Amino acid sequence: MCGIVGYTGPREAYPIVINGLKRLEYRGYDSTGIALLNGGLKVYKKKGRVADLEGFVLGKDLHSNIGIGHTRWATHGEPNDKNAHPHQSASGKLAMIHNGIIENYAQIKKELLNKGYSFKSDTDSEVLLNFIEEIRKNNDCSLEDAVRSALKRITGAYCILLIDEDDPETIIAARKGSPLVIGVGKGEHFLGSDATPMLEYTKEVVYVNDYELAVVKPDSLVLKNLGNEKITPFITKLDMELAAIEKGGYDHFMLKEIFEQPSTIHDCLRGRLDANAGTITMSGIQNNMEAFKEAKRIIILACGTSWHAGLVAEYVIEELCRIPVEVEYASEFRYRNPIINKGDIIIAISQSGETADTLVAIENAKEQGAVIFGIVNVVGSSIARISNGGAYTHAGPEIGVASTKAFTGQLAVIMMMALKIAREKNTISQERYNALLFELEAIPEKVEALLKSAEDIKKIGLKYQGATSSLFLGRGYNFPIALEGALKLKEISYIHAEGYPAAEMKHGPIALVDEDLPVVFVATKDSYHEKIVSNIQEIKARKGKVIAIITEGDEVIPGLADDVFYVPPADELIAPLLSCIPLQLLSYYVGIAKGVDVDKPRNLAKSVTVE
Ligand code: F6R
């Protein structure tokens, strides 16, 4: 949450920072602001999106070779101009942007108020900035030392960038819990919450770790810990192209990402799965194979859509590997006193690799001796780096706030890893293993085929766009897909949607059913098919409107449902990779019909780095 960008070097900073903010808008879009230094400090900030700020600064003096910019997802203080970042210190000499939450800000604010400070905003960030200024004033120390002292006093999460009117080439940056990437150029440096703002300028980046502070000048980067000891920056080569973060002719990133799935799933399988040879090559699994084979239990930690992938993993791993699996919301797990036994494996699933709850939950579990396995999309992200082993989903940058292609990447990784472990444990027959490998290998082509019928699901969506509430039901492997379909619809169209196991519906939600309620059944051909047919009949008997996602060749459900969408046949274990896609499209088309900005739906942010 919140995107931060910085630049220091010989170029004009404004266009670099503003374009960087556009790429980071997925992290929050409540307000935008920029601070430049040209003779004196110039801070421009505005409620709303980057485009609003661009309008606001028209005609203003934007010349500067140093700049910091921020796109906000509000935590402390409502989204308005005064709470927008950058904040300026009481003296007016310092400007700071912040991503995170200062938990003990109230105490520090009280101390500063007693010393006569006043505050222009309601934010915790302005409190931290004035705290830094106060330390610098009292101790007559450098800004770097003042930042270090202040950070030792605060609790919470932060990534901060500061510039000082009296030191016009330097950005001071520090992080704990919120991401920070520094791009290393020739005589210039770039800073960002992720690497996208610097993609066209440099491929050499440094991922800053927690409790590290960087003093960044055009031709030097000094990295230190909070104990003031120097750390050698570890430079990583970026493996990402500009085209991956552009819309490429689609109206929205979400649609582009849905339609990319044949290739993203293919990229995820490529080099790993070879059905003809009967092999799955995953070094992250292989290196931890003994731990997986001996595991008494697997605990999966995730949030949101990634949590739904975790639920699919529970069904698949228990079925294939015969290892008990528990799936936990990371936000709950981290605050209770969970029992972690020797031999337990924790799997963290995260697209961004930065979700605060998931990150802290696995940090705690790691301290208790658990082996952490990460299923992550963003290469080099915090969760990827603290995991003992892992597998990337290789879905490429996901910009649309609603997760789509990262989800199918997670499912593909889960299915491959479960198959690999099961074969090693001998809990799956060679015949079924081989058959599932071929099934998995065929998925990209089947996704391609079903996407050709996108217009069909669009028509269904338009028919029901006026609904105010909806139910999503599924059984077995398709139950998590029903949950995911409901989550997609509510975040992208603002229609209330509840996901339920289809049989559980009789124990409460059925009371909602009337002639206005669309009920979406995820009912592909599987071992529960007859049971779900009965559930559909139960809804029809109460005049509910049934939309069903079914397998080609199904002759029963078309006679019962009001609308159907066909997906190609697949083994029930693999079917979630297909059945989730019409639900992504459904939410997209309904959202568009309702005029929602589907790439940036209200109140959401893509990378949830606050708890
Ligand atoms: C929903 C969505 C969120 C994320 C959740 C976890 O479309 O995108 O529910 O899945 O915030 O994020 P990651 O996977 O980055 O940990």
Side-chain angles (χ1 to χ4, degrees), residues 1-3 24 26-28 73 177-179 193-194 252-255 257-258 261 300-313 327-334 346-363 372 374-387 390-393 395-411 413-414 472 480-481 483-494 497 499 580-581 583-588 591 596-611:
M1 338 222 81
C2 300
L24 292 180
Y26 72 86
R27 302 179 64 87
W73 188 83
S178 302
S193 299
D194 68 27
H252 299 94
F253 281 110
M254 183 178 177
L255 192 63
E257 287 158 7
I258 293 173
Q261 288 174 109
I300 298 181
L301 302 179
C303 305
T305 289
S306 298
W307 186 83
H308 296 151
L311 277 186
V312 176
V327 190
E328 299 252 11
Y329 289 112
S331 54
E332 286 298 313
F333 185 85
R334 63 179 283 199
I346 306 262
I347 299 181
I349 307 179
S350 176
Q351 187 287 126
S352 61
E354 301 292 348
T355 299
D357 284 321
T358 311
L359 185 58
V360 178
I362 59 173
E363 278 168 354
I372 313 291
I375 300 178
V376 173
N377 193 38
V378 177
V379 176
S381 55
S382 302
I383 293 175
R385 284 182 293 140
I386 81 153
S387 296
Y392 283 117
T393 44
E398 192 179 64
I399 315 275
V401 161
S403 191
T404 52
K405 63 175 182 172
F407 179 66
T408 45
Q410 291 164 348
L411 297 186
V413 164
I414 286 160
F472 283 70
I481 301 306
L483 295 184
E484 174 59 8
L487 177 67
K488 281 292 89 91
L489 190 72
K490 63 189 143 201
E491 63 183 339
I492 295 304
S493 74
Y494 312 152
C580 67
I581 291 172
L583 302 184
Q584 297 169 348
L585 286 167
L586 182 75
S587 66
Y588 172 80
V596 174
D597 181 352
V598 294
D599 281 340
K600 301 186 192 88
R602 70 183 176 209
N603 303 336
L604 290 169
K606 185 138 192 82
S607 190
V608 185
T609 52
V610 295
E611 56 182 82

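Counting from 1, the numbers follow the sequence of the chain as shown. Quick caveat, the model's predicted, so the values are computed rather than measured. For ligands, and for the atoms within them, numbers begin at 1 and follow the listed sequence.
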Query raised in the report: Which protein non-hydrogen atom lies closest to atom 15 (O) of ligand 1, naming both residue and atom, and how far is it?
Result: Ser352 OG, 2.7 Å
**Report entry** Heavy-atom gap Val401 to ligand 1 smaller than 4.0 Å
**Finding:** yes
Query raised in the report: Which of these, Lys405, Glu257, Gln261, sits in a side-chain hydrogen bond (donor to acceptor under 3.5 Å, both in side chains) with Gln584?
Result: Gln261
Requested in this report: Give the atoms of ligand 1, by number and element, whose distance to some non-hydrogen atom of Gln351 is under 4.0 Å.
Outcome: 13 (P), 14 (O), 15 (O), 16 (O)
Report task. Please tell me if the side chains of Tyr26 and Asp194 come closer than 4.5 Å, counting only heavy atoms from C-beta onward. Result -> yes
Requested in this report: Before signing off on this row, confirm whether Gln410 and ligand 1 have an N or O atom pair separated by under 3.5 Å.
Outcome: no
Query raised in the report: Which part of Lys488 is near ligand 1, with near meaning a heavy atom under 4.0 Å away: side chain, backbone, both or neither?
Result: side chain
Query raised in the report: Are Val401 and Asp599 close enough that some pair of their side-chain heavy atoms sits under 4.5 Å apart?
Result: no
Query raised in the report: Is there a donor in the side chain of Lys488 and an acceptor in the side chain of Ser493, or the other way round, less than 3.5 Å apart?
Result: no
Report task. Would you indicate whether the side-chain heavy atoms of Arg27 and Cys2 approach each other to under 4.5 Å? Result -> no
Query raised in the report: Considering only the protein, which heavy-atom contact is closest to atom 11 (O) of ligand 1, and what is its distance?
Result: Val608 CG2, 3.9 Å
Report task. May I ask you to decide if Glu398's main-chain N or O and Asn377's side chain share a donor-acceptor pair within less than 3.5 Å? Result -> no
Query raised in the report: Any idea which of Leu359, Thr355, Leu487 brings a heavy atom closest to atom 12 (O) of ligand 1?
Result: Thr355
Report task. Please write down residue, atom name and distance for the protein heavy atom closest to atom 5 (C) of ligand 1. Result -> Cys303 O, 3.7 Å
Query raised in the report: Which ligand 1 atoms are under 4.0 Å away from a heavy-atom of Glu491?
Result: 1 (C), 7 (O)
Query raised in the report: What protein heavy atom sits nearest atom 2 (C) of ligand 1, and how far off is it?
Result: Thr305 OG1, 3.7 Å
Query raised in the report: Distance only, no hydrogens: is a donor on one side chain within 3.5 Å (strictly under) of an acceptor on the other, for Asn603 and Tyr494?
Result: no
Query - Modelled atom types, side-chain donor and acceptor of Ser403 and Gln351, under 3.5 Å - result: no
Query raised in the report: Just which atoms of ligand 1 are under 4.0 Å from any heavy atom in Gly304?
Result: 9 (O), 10 (O)
Query raised in the report: Which of the atoms in ligand 1, numbered in the order shown and given with their element, are less than 4.0 Å from a heavy-atom of Ser306?
Result: 10 (O), 13 (P), 14 (O)
